[in-house]
Protein chains: 2
Amino acid sequence: MKPATSTPTFRPLYLQIKSMLEESLARREWGPGEVIPSELELASRYGVSHGTIRKAIAALSADNLLVRRQGRGTFVATHTEEHSSTFRFLRIRRNDQVDEYPASRLLELRRGKATGDVARTLGLKPGEPVFGLRRVLDFDSRPTVLDDITLPVALFRGLTRARFDAYRGSMYGFFETEFGVRMLRADERLRAVAADAGVADILEVPVGEPLLTVDRVTFTFGDKPVEMRRAVCVTRRCHYLTSLN
Amino acid sequence: MKPATSTPTFRPLYLQIKSMLEESLARREWGPGEVIPSELELASRYGVSHGTIRKAIAALSADNLLVRRQGRGTFVATHTEEHSSTFRFLRIRRNDQVDEYPASRLLELRRGKATGDVARTLGLKPGEPVFGLRRVLDFDSRPTVLDDITLPVALFRGLTRARFDAYRGSMYGFFETEFGVRMLRADERLRAVAADAGVADILEVPVGEPLLTVDRVTFTFGDKPVEMRRAVCVTRRCHYLTSLN
DNA sequence: CAGTGGTCTAGACCACATC
DNA sequence: ATGTGGTCTAGACCACTGG
């Protein structure tokens, strides 16, 4: 009898190719937004059939690593193009259904050291340097979300307020183009809390106002955690939208 | 130049077959938990190739309408089997990572009439009869979630407290086996609110305690809305878990 | 028009579950 | 041994995009 944790004895070809393509993406053989070689070329490169390549690409496309465009080619997914994927990592919507993408204001950028909880979550040694960012999102010109973001300095070396403010586009677009860090997946845990004095002041609500907190851990290639953030959100005019399938 | 809302001029075979299979499922040609015919048989029945049937089934499987089991067959998905899908429609988890499935207590079952908001959401005429259920979920033997559920009487005729209490299993399992109503998909909107006196009493928290509210609309075949519910949730020992991909 | 991704086929073979 | 879903192939053809 084999041990319960034995190696899966069998690995389909298309999954092996998926892994190889994923490595190519991780090492930026093709950059964000660029076309990858055509299916026929990849098929001959890996010595497999059209169909097998298609299964590999379909899987990567389901993971949002690639985007297929009929008649044009297959492209590396990017956070810098404002398509329908704009709201992929932003689940906060206005109650009135208006699809507004909020303005972002950076309040603070400081350096600190990873303490127990942060170190554990981000896979750092306690005391390793981290950046702490604090920013506000305005919906309908009103402060609505307060984000406290923690990033390992090792991956975001050279991050400054000036560079942050100079960039036009989403924060994950900024991370992608300026630091080569691609956010691929996130887990979120939501809770309700009462506003304390500091938060109430920033979000212009009374102390004690019920707020939605969203604790996010974001992962890059190889399921490596690279961002921790806590969002605190006023839900009078907005809500958090999700779908169960 | 064609009008922007023109018919999609082209519908792949596998999607047509997917639709036909979906209709078979909706009219219960095969019941929840049962096997459907093998891929080879379906292929010959519809006069298409193995591969085309597989694409159709793969799509239905991705929608959680079917479950494939290698070597055994393809089965109609059901809410009555306690597998990994137990938490598909329950995103509340304990903070301590224990995978507890909460106990449910029905507090109230009454009949009422659909008013503006409910009628609009459920696609009913104002004044049509609805059931109102109120129940509590206990995590770790403590009241944690208060659900207020609204159902159209037309679809749940004969629902009584006795039948509800007699059933062993999840609420959606109950709806499926007792009324033939299958919940396939849901949209949820989350907000933070302060506990009022009534809720505070039931959930055993102080008035004003911040609570997470989850407004859910649940859909069955053909994207027909069949359930509306508001969950109010204590998030001291629990949280709402979700993933962004 | 050429080149891309998307569909469909027919058939071979593999992995897995059950008898 | 049989039957199920899962993989892989080779090739034909379709739909879409861009020059």
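None of these values were measured; they are calculated from a predicted model. So you know, we letter chains A, B, ... as the sequences are listed, proteins then strands, and number each from 1.
Ion pairing between a basic and an acidic side chain is recognised when a charged N comes within 4.0 Å of a carboxylate O; E100(B) and R237(B) show no such pairing. Ion pair R185(A)/D187(A) flagged as a salt bridge, since at least one NZ, NE, NH1 or NH2 atom sits closer than 4.0 Å to an Asp/Glu carboxylate oxygen. With respect to R230(A) and D147(A), no salt bridge is recorded, no charged nitrogen being found less than 4.0 Å from a carboxylate O.
Using a 3.5 Å distance cut-off with no hydrogens or angles, the side chains of Y240(B) and E188(A) do not pair a donor with an acceptor.
Rounded to whole Å, atom C1' of dG18(D) lies 14 Å from atom CZ of R69(A). In this structure, CG of L40(B) is placed 12 Å from P of dG11(C), rounded to the nearest angstrom. Rounded to whole Å, atom P of dG5(D) lies 17 Å from atom CZ of F10(A). Counting to the nearest Å, the C1' atom of dA15(D) and the CZ atom of R11(B) are 16 Å from each other. As rounded to whole Å, 11 Å separates atom P of dG5(C) from atom CG of L66(A). Computed from coordinates, the E39(B) CD to dA10(C) C1' distance equals 15 Å when rounded to whole Å.
Of the listed nucleotides (dA12(D), dA10(C), dT17(D)), dA10(C) has the atom at the smallest distance from the side chain of S49(B). With distances taken from any side-chain atom of R72(A) to the nucleotides dG18(D), dG6(C), dC8(D), the minimum falls on dG18(D). Listed nucleotides dG6(D), dG6(C), dT9(D) differ in distance to R68(A); the shortest reach to its side chain belongs to dG6(C).
Both Q70(B) and G73(A) lie near DNA chain C, and the one whose nearest nucleotide falls closer to the 5' end is G73(A).
Relative to the six-membered ring of F179(B), R157(B) misses at least one condition, a distance below 6.0 Å or an angle of at most 45° to the axis. The cationic group of R94(B) does not satisfy the cation-pi geometry with F139(B), failing either the under 6.0 Å distance to the six-membered ring centre or the 45° limit from the ring axis.
Residues F156(A) and F131(A) keep their aromatic ring centres 6.0 Å or farther apart.
Stem analysis of DNA chain D (Watson-Crick or G-U pairs, both distances under 3.5 Å, runs of at least three) returns C:1-18 with D:1-18.
Phosphate contact (OP1/OP2 of dC8(C), side-chain N/O of K55(B), threshold under 4.0 Å): absent.
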